[in-house]
2 protein chains.
Amino acid sequence: MKRNQVTAQDVARHAGVSRVSVSRTFTPGASVSAKTRELVLKSAAELGYQVNHLARSLHSANSGIVALIASEVETPHRAEMLSVMTEVFQSAGKVTLLINTNGSDASVKDALMQAIRFRTETAVVLSGTPDQSIAEACQSNGIKLVLINRADEIENALHILPDNDSVGEIALNALLNAGCETIALANSDTQTASILARERSFLKAAQARGIAVRRCTSGLTTYESGLEIGTDLFSRGTRPDGVFCTTDLIACGVMDVARQRFGLQIPQDLSVIGFDDIAQAGWEAYQLTTFRQPIEKISQACLDWSLESGEEGGKIIIPVRLVLRESLRRPAL
Amino acid sequence: MKRNQVTAQDVARHAGVSRVSVSRTFTPGASVSAKTRELVLKSAAELGYQVNHLARSLHSANSGIVALIASEVETPHRAEMLSVMTEVFQSAGKVTLLINTNGSDASVKDALMQAIRFRTETAVVLSGTPDQSIAEACQSNGIKLVLINRADEIENALHILPDNDSVGEIALNALLNAGCETIALANSDTQTASILARERSFLKAAQARGIAVRRCTSGLTTYESGLEIGTDLFSRGTRPDGVFCTTDLIACGVMDVARQRFGLQIPQDLSVIGFDDIAQAGWEAYQLTTFRQPIEKISQACLDWSLESGEEGGKIIIPVRLVLRESLRRPAL
DNA sequence: CTAAATAATGTACACGTGTACATTTTGATG
DNA sequence: CATCAAAATGTACACGTGTACATTATTTAG
């Protein structure tokens with residue numbers, strides 16, 4: 001019950017050379033005469049031969065495989081992240097295993113187990129937090145661990161996270177500069193490290209100035225939650241005229257419900273700030289002022305660290321930038 | 001320069017059993033006593049051992065790897081597709097290699113070469129069209145080929161495409177039922193098989209009824225193209241009051257420019273139909289009537305065929321369904 | 001042309017795993 | 001306890017590749 005595939009042996013026979021000559025032809029820097037290389041390449045092309053990287057990688061140190069572990073892949077921000085990540089890793093000759101951790105809590109562990117089974121060089125965790133035991137299992141199998149937007153510290157892993165602490169101050173300033181007087185914060189109920197950090201820094205900045213903030217949370221980090229939060233915000237109590245949403249999806253929901261159900265004009269009646277700079281934030285219907293993370297830089301940092309030989313982890317704080325659009329009454333300076 | 005990893009040998013030593021016993025413990029249906037199995041599992045957990053699937057797969061027929069080949073992964077429809085596909089394949093114990101073919105034409109070929117190198121069981125091509133030579137190379141390496149939304153026929157490959165031919169008739173009827181009198185078609189300039197097919201079937205249906213259709217195309221299949229097309233549609237000639245857009249992204253652009261720049265009300269002044277049913281189509285700001293493909297079914301069909309032992313290809317036409325929302329004046333019956 | 005140096009090829013083994021076959025252990029039956 | 005069947009374990013090899021080492025062919029230096 002063997003699978004039918006073209007092997008180096010087949011090419012060797014077809015080209016009338018030895019099997020090692022085939023191997024050497026496809027090994028950069030190996031010693032083969034121009035003539036036999038020619039023969040081998042021709043036969044390989046004819047037979048449709050490609051080096052079996054699975055076999056190669058059980059001999060050499062590197063498998064050339066990187067695992068991307070993420071949930072909610074269909075979400076705009078995640079999808080962009082994955083797109084850039086795959087591009088960056090591919091341009092370095094790596095190949096990416098996309099492991100979808102939908103829902104289940106245990107699934108991050110399962111995902112990392114898969115990463116081990118396929119002897120991934122690196123595992124980039126974009127959602128969920130691995131516990132120490134599985135992290136150790138990764139490392140004892142020579143797998144480097146990168147955590148994106150995770151607060152929890154894991155020994156020897158690389159942590160990449162946006163500068164959430166400075167976000168609150170910037171957002172608050174922008175809202176105040178826009179002339180907002182009743183400030184609100186819209187967040188999901190998800191206990192994700194990064195959105196909690198944004199919330200915390202916003203509340204802290206407000207407290208430092210003695211400004212009251214109405215905090216309104218609901219559901220998951222989705223557009224639909226934005227609708228709910230918006231409904232709650234505008235139908236009860238004093239209407240806020242400035243909202244910081246921890247996510248663009250939530251912001252879009254808040255904006256839509258503000259306009260459609262409450263007849264509010266943006267930015268005349270309401271200023272909104274989001275986070276992520278998803279494609280829709282730039283759409284005419286929203287023109288949302290939001291924070292952008294340099295996804296390319298994050299991906300590049302992942303790759304660079306992944307290629308390093310060292311073992312020690314680290315922490316990279318990525319600066320974020322406020323992208324000014326029309327959802328603020330007067331652009332902040 | 002060996003990589004440090006835990007092997008079955010290590011586990012065997014640690015558990016005081018033979019290496020094969022370890023192998024058998026992780027091979028369903030193999031004969032191991034409960035006692036040694038216990039020992040092995042305990043040691044494996046302690047050492048963080050996971051079976052090396054790369055090594056396993058060069059002995060057995062199946063690698064357990066499936067390749068998803070796509071460009072524009074950050075796009076809503078693609079992202080959803082990938083999300084569902086990975087879920088479906090993962091639930092069957094497979095692992096997915098995401099290969100991003102951004103831009104370059106040759107890159108589909110490169111992607112398939114990667115698929116061969118990693119001895120993928122199946123390669124699902126979501127964008128770009130492979131030529132016959134590389135398709136043959138895949139098959140001589142035992143890789144099954146699935147083409148999604150590709151018109152070109154490839155020997156022994158599975159072709160899955162939506163029922164584009166019936167789309168035109170349905171869309172036209174819906175627009176006419178909504179009372180539209182000046183009909184337009186908005187499309188990108190991309191020569192993608194599926195959107196060309198939709199355009200053709202729409203024009204054909206209109207011609208069969210003697211209805212004139214203004215055809216307006218521009219750029220890539222993006223939101224921004226929608227803006228351009230919309231600008232062109234509403235600033236020159238008779239204003240259409242019904243538009244079929246071959247893609248939701250284009251539809252969103254058309255809707256936005258219609259409202260923001262031309263003050264048109266939807267659906268009072270303009271009825272719009274899209275295709276794909278991306279998440280944004282359901283957002284309050286759009287409420288776009290659009291066609292939905294059963295992505296889960298498509299993915300499942302992929303998986304099923306992938307698991308089949310047979311070699312022969314086939315063609316599956318997937319029915320599409322019109323999702324009625326508020327972008328049509330009067331809902332079609 | 002010979003000797004030495006270099007390049008090219010061949011041989012043998014290693015990587016980590018699964019499995020056919022042979023062997024040993026266990027358990028059941030008389 | 002003896003006998004036999006079944007279960008468990010061990011041995012040896014295979015999967016497709018890379019590479020150290022030995023060997024042969026080719027080039028260079030003298």
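Naming convention: chains lettered A, B, ... in sequence-line order (proteins, then strands); numbering from 1 in each chain.
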Practice prompt. Let me know the distance between NZ of A:K35 and P of C:dA7, rounded to the nearest Å.
Written response: 17 Å
Under 3.5 Å, sequence neighbours excluded: what are the donor-acceptor pairs made by side chains of residues 134-148 of chain B?
{"unit_1": "B:Q139", "atom_1": "NE2", "unit_2": "B:E155", "atom_2": "O", "d": "3.0"}
{"unit_1": "B:S140", "atom_1": "OG", "unit_2": "B:E136", "atom_2": "O", "d": "3.1"}
{"unit_1": "B:S140", "atom_1": "OG", "unit_2": "B:A137", "atom_2": "O", "d": "3.1"}
{"unit_1": "B:N141", "atom_1": "OD1", "unit_2": "A:V6", "atom_2": "N", "d": "3.2"}
{"unit_1": "B:N141", "atom_1": "ND2", "unit_2": "A:G48", "atom_2": "O", "d": "2.8"}
{"unit_1": "B:N141", "atom_1": "ND2", "unit_2": "B:A137", "atom_2": "O", "d": "2.9"}
{"unit_1": "B:K144", "atom_1": "NZ", "unit_2": "B:W305", "atom_2": "O", "d": "2.9"}
{"unit_1": "B:K144", "atom_1": "NZ", "unit_2": "B:E308", "atom_2": "O", "d": "2.8"}
{"unit_1": "B:K144", "atom_1": "NZ", "unit_2": "B:G310", "atom_2": "O", "d": "3.2"}

Worksheet item: Do B:I69 and B:V124 touch side chain to side chain, with heavy atoms closer than 4.5 Å?
Response: no
Worksheet entry | Heavy-atom closest contact (B:R37 atom, B:T25 atom, distance) | NH2-O, 3.4 Å
Discussion item. Is A:S21 close enough to C:dA8 that one of its side-chain N or O atoms is under 4.0 Å from OP1 or OP2 there?
Written reply: no
Practice prompt. Under 4.0 Å between any heavy atoms, over every strand shown, what does A:S31 touch: base, sugar-phosphate, or nothing? Just pick one.
Written response: base
Fill in: Side-chain donor-acceptor pair present, A:D304, A:Q300, cut-off under 3.5 Å
yes
Response to the item:
Counting primed atoms, P, OP1 and OP2 as sugar-phosphate and everything else as base, the B/S/- map of nucleotides 17-24 of chain C against protein heavy atoms under 4.0 Å is BBB-----
Fill in: Integer-rounded Å distance: D:dA14 P and A:Q5 CD
17 Å
Discussion item. C:dT9, OP1 or OP2 - any side-chain N/O from A:S18 closer than 4.0 Å?
Written reply: no
Worksheet item: Atom CG of A:N62 and atom P of C:dG16: how far apart are they, to the nearest Å?
Response: 14 Å
Discussion item. B:Q9: which residues meet the side-chain contact (heavy atoms from CB on, under 4.5 Å) condition with it, sequence neighbours left out?
Written reply: B:T7, B:A12, B:R13, B:R19
Discussion item. Could you tell me how far apart B:N141 (CG) and D:dG16 (C1') are, to the nearest whole angstrom?
Written reply: 12 Å
Item to complete: For B:S306 and B:T122, test the side chains for any donor-to-acceptor distance below 3.5 angstrom and give the result as yes or no.
Response: yes
